[in-house]
Amino acid sequence: MPNVGGPAQAKRALLGSVTNSKLLYASPVWATVGIKTAKNRNEMARAQRTTAPRTIRAYRTVSADASSLLSCMLPADLLAHERARIKTRLEDVGEALTTSAIKKQEREISTSSWQSR
């Protein structure tokens, strides 16, 4: 996609969410094992590094951290762990919270761990 002109911001954000959906397919199942190796984390980060600058119409010289922050794309390994935590909490019978409340709490945990990086 060209940086000047091209699709609107909403369409660019849609492409970013498609990338995340492909990366995180069935992530609650493989998150605990698949993210342990640096190779897997780097492969997932590479796909996001390609998508994030295109989402915000930035040049390739913009750092990966800055582009992911500006495009509001959490790192894929954190998202995979978040989805795994959500799955385990939803399967927990004693949990009295709604699904949206659980997702909100887990997103806050993911955001705080992203900020601590």
Side-chain angles (χ1 to χ4, degrees):
M1 284 185 282
N3 286 332
V4 179
Q9 183 65 29
K11 291 179 184 174
R12 290 173 179 268
L14 176 67
L15 291 174
S17 65
V18 167
T19 301
N20 279 342
S21 294
K22 284 184 156 188
L23 282 174
L24 300 172
Y25 178 74
S27 62
V29 176
W30 55 260
T32 55
V33 177
I35 302 297
K36 286 185 180 178
T37 63
K39 179 184 175 191
N40 291 342
R41 286 192 306 269
N42 290 337
E43 289 293 323
M44 292 172 67
R46 184 185 328 164
Q48 283 190 321
R49 274 195 309 268
T50 304
T51 306
R54 295 290 152 223
T55 303
I56 61 170
R57 294 183 180 191
Y59 291 106
R60 65 181 180 192
T61 56
V62 175
S63 71
D65 293 332
S67 63
S68 65
L69 179 67
L70 291 173
S71 64
C72 299
M73 293 176 75
L74 266 70
D77 59 330
L78 292 178
L79 287 174
H81 283 297
E82 175 185 323
R83 290 186 180 186
R85 289 191 311 264
I86 289 171
K87 181 183 177 208
T88 56
R89 285 184 67 182
L90 288 176
E91 290 174 348
D92 187 19
V93 179
E95 193 79 34
L97 295 173
T98 63
T99 304
S100 61
I102 291 172
K103 287 182 179 181
K104 185 177 178 182
Q105 288 176 354
E106 293 301 329
R107 179 53 57 106
E108 289 174 2
I109 292 169
S110 297
T111 305
S112 64
S113 63
W114 186 27
Q115 289 173 348
S116 67
R117 278 188 184 177

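None of these values were measured; they are calculated from a predicted model.
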By salt bridge (charged side-chain N to carboxylate O under 4.0 Å, His left out), which residues pair with Arg41, not counting sequence neighbours?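 None.
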Results of salt bridge (charged side-chain N to carboxylate O under 4.0 Å, His left out) for Glu108 - residues two or more places apart only: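 Glu108 satisfies salt bridge (charged side-chain N to carboxylate O under 4.0 Å, His left out) with no residue once adjacent residues are dropped.
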Thr55 and Ser71: side-chain donor and acceptor closer than 3.5 Å?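 Not at all, the side chains of Thr55 and Ser71 share no donor-acceptor pair under 3.5 Å.
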Over all atoms of both residues, closest heavy-atom pair of [X] and [Y]:
| X | Y | answer |
| --- | --- | --- |
| Thr88 | Arg85 | OG1-O, 2.8 Å |
| Trp30 | Tyr25 | NE1-O, 2.8 Å |
| Ala8 | Arg57 | CA-NH2, 3.7 Å |
| Ser67 | Ile56 | CA-CD1, 3.8 Å |

When hydrophobic residues are tied together by side-chain contacts of less than 4.5 Å, even through go-betweens, does Trp114 share a cluster with Ile35?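 Same cluster: Trp114 reaches Ile35 through Ile, Leu, Val, Met, Phe, Trp or Tyr contacts under 4.5 Å.
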Are Leu24 and Leu74 joined in one hydrophobic group, where the rule is that I, L, V, M, F, W and Y side chains link up if heavy atoms are under 4.5 Å apart?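 Yes, same cluster.
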To the nearest 0.5 Å, how far apart are OG1 in Thr51 and CG in Asn20?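 Output value for this atom pair is 7.5 Å.
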Are any side-chain N or O atoms of Ser27 and backbone N or O atoms of Leu23, one a donor and one an acceptor, separated by less than 3.5 Å?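 Such a contact is absent between Ser27 side chain and Leu23 backbone.
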Check against side-chain contact (heavy atoms from CB on, under 4.5 Å), Gln48 and Met44: CA-CA 7 Å; Gln48 283 190 321; Met44 292 172 67; over 6 Å; no
Side-chain donor/acceptor pairs under 3.5 Å, residues 76-83, sequence neighbours excluded:
from  : atom 1 : to     : atom 2 : distance (Å)
Asp77 : OD1    : Arg117 : NH2    : 3.4
Asp77 : OD2    : Arg117 : NH2    : 2.5
Glu82 : OE1    : Arg107 : NE     : 3.1
Glu82 : OE1    : Ser110 : OG     : 2.8
Glu82 : OE2    : Arg107 : NE     : 3.2
Glu82 : OE2    : Arg107 : NH2    : 3.3

Quick one: name the residues clustered hydrophobically with Val62, using the 4.5 Å side-chain heavy-atom rule over I, L, V, M, F, W, Y, and just say none if it's on its own.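 Besides Val62, the cluster holds no residue at all.
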For residues 10-18, run the donor-acceptor check on the side chains, cut-off 3.5 Å, and write out each pair with its distance to 0.1 Å, sequence neighbours left out.
from  : atom 1 : to    : atom 2 : distance (Å)
Arg12 : NE     : Pro7  : O      : 3.1
Arg12 : NH1    : Arg54 : O      : 2.6
Arg12 : NH2    : Pro2  : O      : 2.6
Arg12 : NH2    : Gly5  : O      : 3.3
Ser17 : OG     : Leu14 : O      : 2.7

Partner set under side-chain contact (heavy atoms from CB on, under 4.5 Å) for Leu97, not counting sequence neighbours: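 Here the qualifying residues are Arg89, Glu95, Ala101, Ile102, Gln105.
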Steps toward side-chain contact (heavy atoms from CB on, under 4.5 Å) verdict (Lys103, Glu106): CA-CA 5 Å; Lys103 287 182 179 181; Glu106 293 301 329; 5.9 Å; no
Do Arg46 and Asn42 touch side chain to side chain, with heavy atoms closer than 4.5 Å?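 Answer no - side chains too far apart.
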